Amino acid sequence: MPVREGLALYAAAVEAGALGLPLLEVGTYCGRSTILLAEAARESGTVAVTVDHHRGSEEQQPGWEYHDPTVVDPQVGAMDTLPTFRRTLHAAGLEDHVIAVVGRSPQVARVWGGQLGFVFIDGGHTDEHASADYEGWAPKLAEGGTLAIHDVFPDPADEFTGQAPYRVYRRALESGAFTEVSATDSLRVLRRTAAAL
(Lines give C-alpha, C1' and ligand atoms only; values in the text may rest on other atoms or scores of the structure.)
Protein backbone atom coordinates (compact mmCIF):
# COMPACT_ATOMS: atom_id res chain seq x y z
CA MET A 1 0.00 0.00 0.00
CA PRO A 2 1.47 3.35 -1.03
CA VAL A 3 2.08 5.94 1.68
CA ARG A 4 -0.66 8.36 0.56
CA GLU A 5 -3.26 5.62 0.57
CA GLY A 6 -2.00 4.30 3.91
CA LEU A 7 -2.32 7.72 5.54
CA ALA A 8 -5.84 8.10 4.17
CA LEU A 9 -6.78 4.62 5.40
CA TYR A 10 -5.40 5.39 8.85
CA ALA A 11 -7.27 8.71 9.08
CA ALA A 12 -10.54 7.04 8.06
CA ALA A 13 -10.03 4.24 10.59
CA VAL A 14 -9.29 6.68 13.43
CA GLU A 15 -12.47 8.59 12.64
CA ALA A 16 -14.52 5.39 12.41
CA GLY A 17 -13.05 4.21 15.72
CA ALA A 18 -15.08 6.91 17.47
CA LEU A 19 -18.11 4.62 17.07
CA GLY A 20 -16.46 2.22 19.53
CA LEU A 21 -17.02 -0.76 17.24
CA PRO A 22 -14.42 -3.12 15.77
CA LEU A 23 -12.43 -2.12 12.68
CA LEU A 24 -12.35 -5.01 10.19
CA GLU A 25 -9.97 -5.70 7.33
CA VAL A 26 -10.52 -8.29 4.60
CA GLY A 27 -7.18 -9.25 3.07
CA THR A 28 -4.24 -9.17 5.47
CA TYR A 29 -1.35 -10.52 3.38
CA CYS A 30 1.76 -9.68 5.46
CA GLY A 31 0.18 -6.99 7.63
CA ARG A 32 1.16 -3.54 6.37
CA SER A 33 -2.37 -2.15 6.40
CA THR A 34 -3.17 -4.13 9.56
CA ILE A 35 -0.60 -2.04 11.42
CA LEU A 36 -2.43 1.11 10.39
CA LEU A 37 -5.79 -0.27 11.53
CA ALA A 38 -4.29 -1.63 14.76
CA GLU A 39 -2.83 1.75 15.64
CA ALA A 40 -6.19 3.39 14.88
CA ALA A 41 -7.91 0.79 17.06
CA ARG A 42 -5.42 1.39 19.89
CA GLU A 43 -6.06 5.13 19.74
CA SER A 44 -9.83 4.60 19.67
CA GLY A 45 -9.98 2.01 22.44
CA THR A 46 -11.37 -0.66 20.14
CA VAL A 47 -9.88 -3.61 18.25
CA ALA A 48 -8.86 -4.37 14.69
CA VAL A 49 -10.04 -7.67 13.24
CA THR A 50 -8.28 -9.02 10.18
CA VAL A 51 -9.62 -11.84 8.01
CA ASP A 52 -7.44 -13.78 5.56
CA HIS A 53 -6.85 -17.40 4.57
CA HIS A 54 -3.15 -16.50 4.16
CA ARG A 55 -2.77 -18.52 0.95
CA GLY A 56 -2.51 -15.41 -1.25
CA SER A 57 -4.90 -13.93 -3.77
CA GLU A 58 -4.93 -14.66 -7.50
CA GLU A 59 -2.12 -12.33 -8.52
CA GLN A 60 0.18 -13.63 -5.76
CA GLN A 61 0.26 -17.22 -6.99
CA PRO A 62 3.33 -18.74 -8.75
CA GLY A 63 3.78 -17.38 -12.26
CA TRP A 64 1.94 -14.13 -11.55
CA GLU A 65 3.35 -10.61 -11.21
CA TYR A 66 3.04 -10.25 -7.44
CA HIS A 67 4.26 -13.71 -6.44
CA ASP A 68 6.80 -13.74 -3.61
CA PRO A 69 8.51 -17.13 -3.31
CA THR A 70 9.79 -16.29 0.18
CA VAL A 71 6.27 -16.73 1.60
CA VAL A 72 5.77 -20.22 0.16
CA ASP A 73 5.73 -22.96 2.78
CA PRO A 74 8.10 -25.60 1.37
CA GLN A 75 6.43 -28.40 3.34
CA VAL A 76 3.01 -27.89 1.76
CA GLY A 77 4.09 -26.15 -1.45
CA ALA A 78 1.59 -23.31 -0.98
CA MET A 79 1.77 -19.71 0.11
CA ASP A 80 1.51 -19.07 3.83
CA THR A 81 1.73 -15.40 4.81
CA LEU A 82 0.58 -16.00 8.40
CA PRO A 83 4.10 -16.33 9.92
CA THR A 84 5.23 -13.14 8.17
CA PHE A 85 2.08 -11.35 9.30
CA ARG A 86 2.63 -12.42 12.91
CA ARG A 87 6.24 -11.20 12.82
CA THR A 88 5.09 -7.86 11.36
CA LEU A 89 2.53 -7.39 14.11
CA HIS A 90 5.00 -8.37 16.82
CA ALA A 91 7.66 -5.98 15.52
CA ALA A 92 5.12 -3.14 15.56
CA GLY A 93 4.14 -3.91 19.16
CA LEU A 94 0.45 -4.05 18.25
CA GLU A 95 -0.47 -7.70 18.90
CA ASP A 96 -2.82 -6.76 21.75
CA HIS A 97 -4.93 -4.62 19.43
CA VAL A 98 -5.58 -7.19 16.69
CA ILE A 99 -7.71 -10.29 16.40
CA ALA A 100 -6.45 -12.33 13.46
CA VAL A 101 -9.03 -14.64 11.94
CA VAL A 102 -7.63 -17.27 9.58
CA GLY A 103 -10.33 -18.28 7.14
CA ARG A 104 -12.12 -17.40 3.94
CA SER A 105 -13.96 -14.11 4.12
CA PRO A 106 -17.47 -15.35 3.13
CA GLN A 107 -17.36 -18.16 5.70
CA VAL A 108 -16.20 -15.83 8.48
CA ALA A 109 -18.82 -13.21 7.53
CA ARG A 110 -21.58 -15.82 7.82
CA VAL A 111 -20.74 -16.49 11.47
CA TRP A 112 -19.88 -12.90 12.48
CA GLY A 113 -22.60 -11.71 14.86
CA GLY A 114 -21.87 -8.10 15.73
CA GLN A 115 -21.81 -4.70 14.09
CA LEU A 116 -18.66 -3.08 12.75
CA GLY A 117 -17.57 0.54 12.66
CA PHE A 118 -15.18 0.08 9.76
CA VAL A 119 -14.80 -2.42 6.91
CA PHE A 120 -11.73 -2.36 4.66
CA ILE A 121 -12.09 -4.54 1.54
CA ASP A 122 -8.67 -5.47 0.17
CA GLY A 123 -8.96 -9.15 -0.68
CA GLY A 124 -9.21 -10.95 -4.01
CA HIS A 125 -9.57 -8.97 -7.23
CA THR A 126 -12.01 -11.18 -9.12
CA ASP A 127 -15.69 -10.27 -9.27
CA GLU A 128 -16.47 -13.42 -7.31
CA HIS A 129 -14.17 -12.54 -4.43
CA ALA A 130 -14.72 -8.78 -4.30
CA SER A 131 -18.51 -9.21 -4.49
CA ALA A 132 -18.49 -11.88 -1.78
CA ASP A 133 -16.47 -9.60 0.50
CA TYR A 134 -18.92 -6.74 -0.05
CA GLU A 135 -22.01 -8.92 0.33
CA GLY A 136 -20.66 -10.59 3.45
CA TRP A 137 -19.41 -7.56 5.34
CA ALA A 138 -21.25 -4.39 4.19
CA PRO A 139 -24.52 -5.45 5.90
CA LYS A 140 -22.62 -5.72 9.20
CA LEU A 141 -21.43 -2.12 8.99
CA ALA A 142 -23.25 0.15 11.45
CA GLU A 143 -25.02 3.22 10.17
CA GLY A 144 -22.42 5.99 10.29
CA GLY A 145 -19.68 3.39 9.81
CA THR A 146 -17.00 3.53 7.15
CA LEU A 147 -16.46 1.29 4.12
CA ALA A 148 -13.00 1.53 2.54
CA ILE A 149 -12.20 -0.24 -0.73
CA HIS A 150 -8.66 -0.62 -2.04
CA ASP A 151 -7.41 -1.06 -5.62
CA VAL A 152 -10.31 0.81 -7.24
CA PHE A 153 -9.28 1.44 -10.84
CA PRO A 154 -11.99 2.83 -13.15
CA ASP A 155 -9.94 2.26 -16.34
CA PRO A 156 -11.05 -0.95 -18.11
CA ALA A 157 -7.37 -1.56 -18.97
CA ASP A 158 -6.96 -2.52 -15.31
CA GLU A 159 -9.41 -5.43 -15.60
CA PHE A 160 -7.38 -7.90 -13.56
CA THR A 161 -6.09 -5.62 -10.83
CA GLY A 162 -8.87 -3.19 -10.09
CA GLN A 163 -12.06 -3.48 -12.07
CA ALA A 164 -13.76 -5.85 -9.61
CA PRO A 165 -13.08 -3.48 -6.66
CA TYR A 166 -14.28 -0.62 -8.88
CA ARG A 167 -17.53 -2.46 -9.59
CA VAL A 168 -18.03 -3.07 -5.85
CA TYR A 169 -17.40 0.62 -5.18
CA ARG A 170 -20.00 1.58 -7.82
CA ARG A 171 -22.44 -0.97 -6.40
CA ALA A 172 -22.08 0.50 -2.91
CA LEU A 173 -22.76 4.02 -4.17
CA GLU A 174 -25.68 2.91 -6.33
CA SER A 175 -27.26 1.09 -3.37
CA GLY A 176 -28.11 4.46 -1.84
CA ALA A 177 -26.72 3.27 1.51
CA PHE A 178 -23.31 4.92 1.11
CA THR A 179 -21.92 8.39 0.49
CA GLU A 180 -18.37 8.94 -0.73
CA VAL A 181 -16.10 10.62 1.81
CA SER A 182 -12.78 10.63 -0.03
CA ALA A 183 -10.73 9.21 -2.90
CA THR A 184 -6.97 8.87 -2.55
CA ASP A 185 -5.38 7.25 -5.58
CA SER A 186 -6.91 3.74 -5.63
CA LEU A 187 -8.48 3.97 -2.14
CA ARG A 188 -12.15 4.92 -1.82
CA VAL A 189 -13.71 5.78 1.53
CA LEU A 190 -17.50 5.71 1.92
CA ARG A 191 -19.80 6.32 4.87
CA ARG A 192 -22.90 4.26 5.50
CA THR A 193 -25.70 6.80 5.61
CA ALA A 194 -28.77 4.56 5.25
CA ALA A 195 -29.87 1.28 6.78
CA ALA A 196 -30.93 -0.60 3.65
CA LEU A 197 -28.36 -1.96 1.20
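Owing to the predicted nature of the structure, the values given are computational and were not obtained by experimental measurement.
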Asker: Restricting to pairs with a member in residues 18-45, which pass salt bridge (charged side-chain N to carboxylate O under 4.0 Å, His left out), not counting sequence neighbours?
Answerer: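 Output for this query lists E39-R42.
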Asker: Is a salt bridge present between E15 and R191, judged by a nitrogen-to-oxygen distance below 4.0 Å?
Answerer: yes
Asker: Got a list of side-chain donor-acceptor pairs under 3.5 Å for residues 96-105, not counting sequence neighbours?
Answerer:
from : atom 1 : to   : atom 2 : distance (Å)
R104 : NH1    : H53  : NE2    : 3.2
S105 : OG     : D133 : OD1    : 2.8
S105 : OG     : W137 : NE1    : 2.9

Asker: List the residues meeting side chain to side chain contact (heavy atoms under 4.5 Å, CB included) with P139, not counting sequence neighbours, and say none if there are none.
Answerer: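 If we apply the side chain to side chain contact (heavy atoms under 4.5 Å, CB included) test to P139, skipping adjacent residues, the hits are L197.
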Asker: Are L147 and V181 in one and the same hydrophobic cluster, where Ile, Leu, Val, Met, Phe, Trp and Tyr link if side-chain heavy atoms are under 4.5 Å apart?
Answerer: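 No.
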Asker: Is Y134 linked to W112 within one hydrophobic cluster, defined over Ile, Leu, Val, Met, Phe, Trp and Tyr using a side-chain heavy-atom separation of less than 4.5 Å?
Answerer: yes
Asker: Would you say the side-chain atoms of K140 pair up with the backbone N or O of G114, donor to acceptor, closer than 3.5 Å?
Answerer: no
Asker: Does T28 use its side chain to pair, donor to acceptor, with the backbone of G31 at less than 3.5 Å?
Answerer: no
Asker: Looking at A138, is its backbone amide N or carbonyl O close enough to the side chain of R192 to form a donor-acceptor pair, meaning the two atoms are under 3.5 Å apart?
Answerer: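 Between the backbone of A138 and the side chain of R192 there is a qualifying donor-acceptor contact (under 3.5 Å).
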Asker: According to side chain to side chain donor-acceptor pair (under 3.5 Å), who are the partners of E180, at least two apart in sequence or on a separate chain?
Answerer: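 Partners of E180 by the side chain to side chain donor-acceptor pair (under 3.5 Å) criterion, ordered by chain and then number, come out as Y169.
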Asker: State, yes or no, whether a side-chain contact exists between P83 and R87 at a heavy-atom distance under 4.5 Å.
Answerer: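 Heavy-atom side-chain distance check passes, below 4.5 Å.
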Asker: Return the set of residues passing side chain to side chain donor-acceptor pair (under 3.5 Å) with T193 (not counting sequence neighbours), or none when no residue passes.
Answerer: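 In terms of side chain to side chain donor-acceptor pair (under 3.5 Å), with neighbours along the sequence ignored, T193 is linked to T179.
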Asker: Identify whether the distance between the nearest side-chain nitrogen and carboxylate oxygen of E174 and R167 falls below 4.0 Å.
Answerer: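 Answer for the salt bridge query: no.
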Asker: Count I, L, V, M, F, W, Y as connected when their side-chain heavy atoms are under 4.5 Å apart, and connections chain through other members. Are V51 and V119 then in the same cluster?
Answerer: yes
Asker: Tell me whether Y29 shares a hydrophobic cluster with F120, the cluster being built from Ile, Leu, Val, Met, Phe, Trp, Tyr side chains joined at under 4.5 Å.
Answerer: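 Looking at the clustering, F120 is in a separate group from Y29.
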Asker: Among residues at least two apart in sequence or on other chains, which ones pass side chain to side chain donor-acceptor pair (under 3.5 Å) with E5?
Answerer: H150, S186
